[in-house]
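These notes concern the structure reproduced below.
We use all heavy atoms of the structure for the numbers below, so side chains are in, but hydrogens, waters and symmetry mates are not. Position 1 is the first residue of the sequence, and the numbers go up from there.
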Amino acid sequence: MSSRNGPSAWQGRFVGPLLAANVLVVGLTATLLTVGALREDQRAAAARVMDQRTAVARTAVTTETGRYRDLMQAVAAGLGTNTRLTSSDFTAATAPLDRATLPGATSVAFVVPAAAGRVAATQALWRSRGAADLELKPKGTPAEHYFSVFQRTLNNNEERPAGIDVAESPEGAAALVEARHTGRPTVSAAYVLLRDRDLPANRQQLSFLFVTPVFAPEFQGWLALGLHGEDFLGGVLSEASQGLLDGRLYAFDGAGKRVQVASYDARGRLDLTRTASFPVADRQWTLVTSADSRNLPGARTSTPATVLLGGLVVTLMLALLVWILATGRTRARKEVLVATAELRAAEAESRRQAGLLSAVMTSIGDGVGVVDEDGHFLLHNPAAKGLLGISDDIDEPEGWQEHYGLFRGDGRTPFPLEELPLMRALRGESCDGVEILIRNGQRKDGILVSVDGRPLDPSAGQHGAVAVFHDITELRRYETDLAVFAGVVAHDLKAPLAIIRGHCETAADELADAPEGPEVFEARAAMDRIANSVDRMAALIDTLLAYTTSRDAPLKLETVALSPLVADVIAQRTEHVRPDGAAPDFYVGRLPEVRADPAMLRHVLDNLIGNSLKYVPSGRGARIDVTAGPGAPGWTRIEIADRGIGIPDSDKPNIFDSFHRAPAAARYAGSGLGLAICRRIVERHGGRIGVSDNPGGGTRFHFTLPLAAVTLDRALAERADVVELTRLGENVRPAGENVRPAGERVRPT
């Protein structure tokens, strides 16, 4: 008996220790993995706190600059109520600025323009209004000087006498010119203020000039506020960051170069960095913040150490418990068998559900793709792989475009990764009907698919996205055939119109030699009416063709210089202006190069400029501004402003719909398709088009286009350039004149 039971007893003695050792190893591994995950969470928490602190700092800077702008506008509005401004009026109006505690502000001054030959007269005028000791000190030989005639020192800065010529500083002069042209507050490029240039170099700061024009109601001058960049940033960040953030403020100087304007130092090892760009008036500032993650609140806790200690204790207790329970082998075996049976039942049910789901996905005719939060594919049903033509998937989203051959509808432009429906769905955005052309080694001819994207339902237990797509190649081919058919029909319609037009001209020539009489006069009038009707019919056919091709015609993208294109459109539109009519008045600002289809872009510009010339009240000449400004990174925003009849607010939401015409435009000729064509063309380029009221009367259309090979830094730098005037004959105005009250005329500077 002893020989029969010996081996079993010997094995039983080691079962408990072996199980306990296994539990110990597993527990320690799980504890260490958990501690590692907590460490990662701490790093993520530090990043979130850094993002929050940076957002607070950015908000503080933008809020403070916004407060400066609002105070300046309020003071300018107060000065504008007095048509004969005196020194006492300026002192009373600027008193709130002295009490407003504006960090970095040096002084506020009232600046007036003076032509080169009227410096003495200007000095005498403002001496008579209270500036008894005023001495104007012109610098250089510009066509126009800009003198400070009244001045208030802020924040206990050293007082400086009035009479400084701002024209000595190209940056300050550019801000003054821009404010007068646009009628809006502006900010200068970064430079050393004129009042600080006699200070030692170590005391000089890069600064800005905040400028607001003053109207009463005509232009009187500017309210200008000097701002020290270092003092401003230190004053704002000292409260916003509580000493935890290291700050660097960047802006562009007068040469268009990005420079560091100010800095604010924080303690510690700076291992986290964030960058935030934001607009200040008509400029773009960038704030770079850094911090030591160990000093950020909530980023460092004792949780990992606590979990490590607790995990060790729990693991030891579990190992001891397993060793004790291992002696009750029979009972433990029964419990294991029960648990195993339940697990097998759950596994069988899971397999059944998975099989059902697989069968459903295999049976669906539309393609379905599912990715997790990192862009790794969880599912591609057979229909999806059939449409893509590629059976193997890749898990890196950056390679999707090249791997599957994803292009825009033109078949040449690679589809941007951030605009793919799956990527938009991962950002929480739902999208429908996104058209993508798939062309790869297995799909050499390419197919066009329509894709719908949705975020994955939270019930799935993980973050992700799902896309459903189906083949619309035949549908688009059918639509293209219809467009071709429409073109053929239009051609066949225009042929008899040409014949009718020819017969009308022949009849008119015959009637020209007929004796004068009522019958001849009536016949000539009838011929004119027929000819006009034929012309309107031909124009309508051309418009319908343009409306069709603007959606389906392939885009021929190339680099297009806007300035010569706009000049050519204006020249053609104005070459037939009647001598007795009011000549149109144009201003064309500095325009960039864009990436676009030249013919389609010309149609947009011709339509918008043509509308500005057409929809003008009787007896008044057209006044039109064509300007460009910054849009999203890599984009530009084109604006065409006029002083025409305007568009009622109730019609603005529908103005780009097909065949929609505002009631006010009923007495003007038109088909109601021009703006619909413009919207189709702009949206096919990936841009957006809109309309708003023009201050002072009229309409302001705007649309966006991609810049041609221009980096974001260059696009931002171009915002600081002084706007150049483009002369068209003798009818050139400064930019922004259209924001003046109706009837007011501003002379070019």
Side-chain angles (χ1 to χ4, degrees), residues 357-358 360-460 462-480 550-555 557 632 679-680 682-688 706:
L357 176 61
S358 177
V360 171
M361 296 304 295
T362 303
S363 303
I364 292 178
D366 287 339
V368 178
V370 183
V371 297
D372 63 13
E373 58 186 354
D374 298 320
H376 298 165
F377 275 101
L378 303 175
L379 173 67
H380 247 161
N381 72 336
K385 294 183 177 181
L387 289 174
L388 294 173
I390 295 179
S391 59
D392 59 318
D393 295 323
I394 62 172
D395 288 335
E396 297 300 329
E398 291 77 9
W400 288 352
Q401 190 280 325
E402 181 177 358
H403 181 72
Y404 298 111
L406 308 179
F407 298 88
R408 290 194 184 275
D410 58 12
R412 295 186 298 273
T413 306
F415 207 97
L417 174 64
E418 63 276 4
E419 295 184 23
L420 287 174
L422 279 175
M423 300 305 296
R424 293 169 62 181
L426 284 176
R427 297 194 299 266
E429 177 185 354
S430 297
C431 55
D432 295 308
V434 179
E435 295 186 4
I436 302 176
L437 181 72
I438 299 174
R439 187 177 64 246
N440 49 48
Q442 287 70 36
R443 290 288 190 184
K444 297 183 183 298
D445 295 333
I447 65 169
L448 189 65
V449 297
S450 176
V451 186
D452 301 336
R454 295 287 187 278
L456 196 60
D457 191 275
S459 61
Q462 70 177 86
H463 180 64
V466 58
V468 179
F469 43 100
H470 52 276
D471 189 354
I472 60 171
T473 306
E474 290 301 324
L475 175 62
R476 286 292 177 264
R477 185 175 292 117
Y478 175 70
E479 292 177 348
T480 302
S550 65
R551 183 188 68 182
D552 301 316
L555 289 177
L557 297 178
R679 180 173 67 176
R680 279 190 174 181
V682 171
E683 290 181 349
R684 288 196 64 193
H685 284 76
R688 295 290 183 268

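- Residues meeting the side-chain contact (heavy atoms from CB on, under 4.5 Å) test with N381, sequence neighbours left out: M361, I364, V368, A383, A384.
- Counting only distance, with no hydrogens or angles, the side chain of H403 and the backbone of P397 share no donor-acceptor pair below 3.5 Å.
- Pairs of residues two or more places apart, or lying in two chains, that qualify as side chain to side chain donor-acceptor pair (under 3.5 Å) and include a residue from residues 425-434 are R424-E429, D432-R454.
- Contact of the T413 side chain with the L557 side chain is registered, since non-hydrogen atoms from C-beta on lie closer than 4.5 Å.
- Of all heavy-atom pairs between Y404 and I394, the closest is OH-N, 3.7 Å.
- Put simply, the side chain of Q401 gets close to the backbone of L406: a donor and an acceptor are under 3.5 Å apart.
- Listed by first and then second residue, the salt bridge (charged side-chain N to carboxylate O under 4.0 Å, His left out) pairs involving residues 399-409 are R408-E419 (not counting sequence neighbours).
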Exercise. Does the pair E398 and L417 meet the rule for a side chain to side chain contact (heavy atoms under 4.5 Å, CB included), with working shown?
Worked result: CA-CA 7 Å; E398 291 77 9; L417 174 64; 4.3 Å; yes

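- The shortest side-chain heavy-atom distance between P455 and V466 does not fall under the 4.5 Å cut-off.
- Legend: residues meeting side chain to side chain donor-acceptor pair (under 3.5 Å) with H380, ordered by chain and number and at least two apart, are D393.
- Residues satisfying the side-chain contact (heavy atoms from CB on, under 4.5 Å) criterion with L437, sequence neighbours excluded, are F407, R439, L448.
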For this session: Please lay out, stage by stage, how V449 and I438 fare under the test side chain to side chain contact (heavy atoms under 4.5 Å, CB included).
Result: CA-CA 7 Å; V449 297; I438 299 174; 3.8 Å; yes

Problem set entry | Intermediate values then yes/no, side chain to side chain contact (heavy atoms under 4.5 Å, CB included), W400 and L422 | CA-CA 11 Å; W400 288 352; L422 279 175; 4.1 Å; yes

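- For the pair N440 (side chain) and Q442 (backbone), a donor-acceptor distance under 3.5 Å is present.
- We find the OG1-CD1 distance between T473 and I447 to be 5.0 Å, quoted to the nearest 0.5 Å.
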Problem set entry | Intermediate values then yes/no, side chain to side chain contact (heavy atoms under 4.5 Å, CB included), F415 and L420 | CA-CA 7 Å; F415 207 97; L420 287 174; 3.5 Å; yes

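- Of all non-hydrogen atoms in H463 and L426, the two that sit nearest each other are NE2-O, 3.2 Å.
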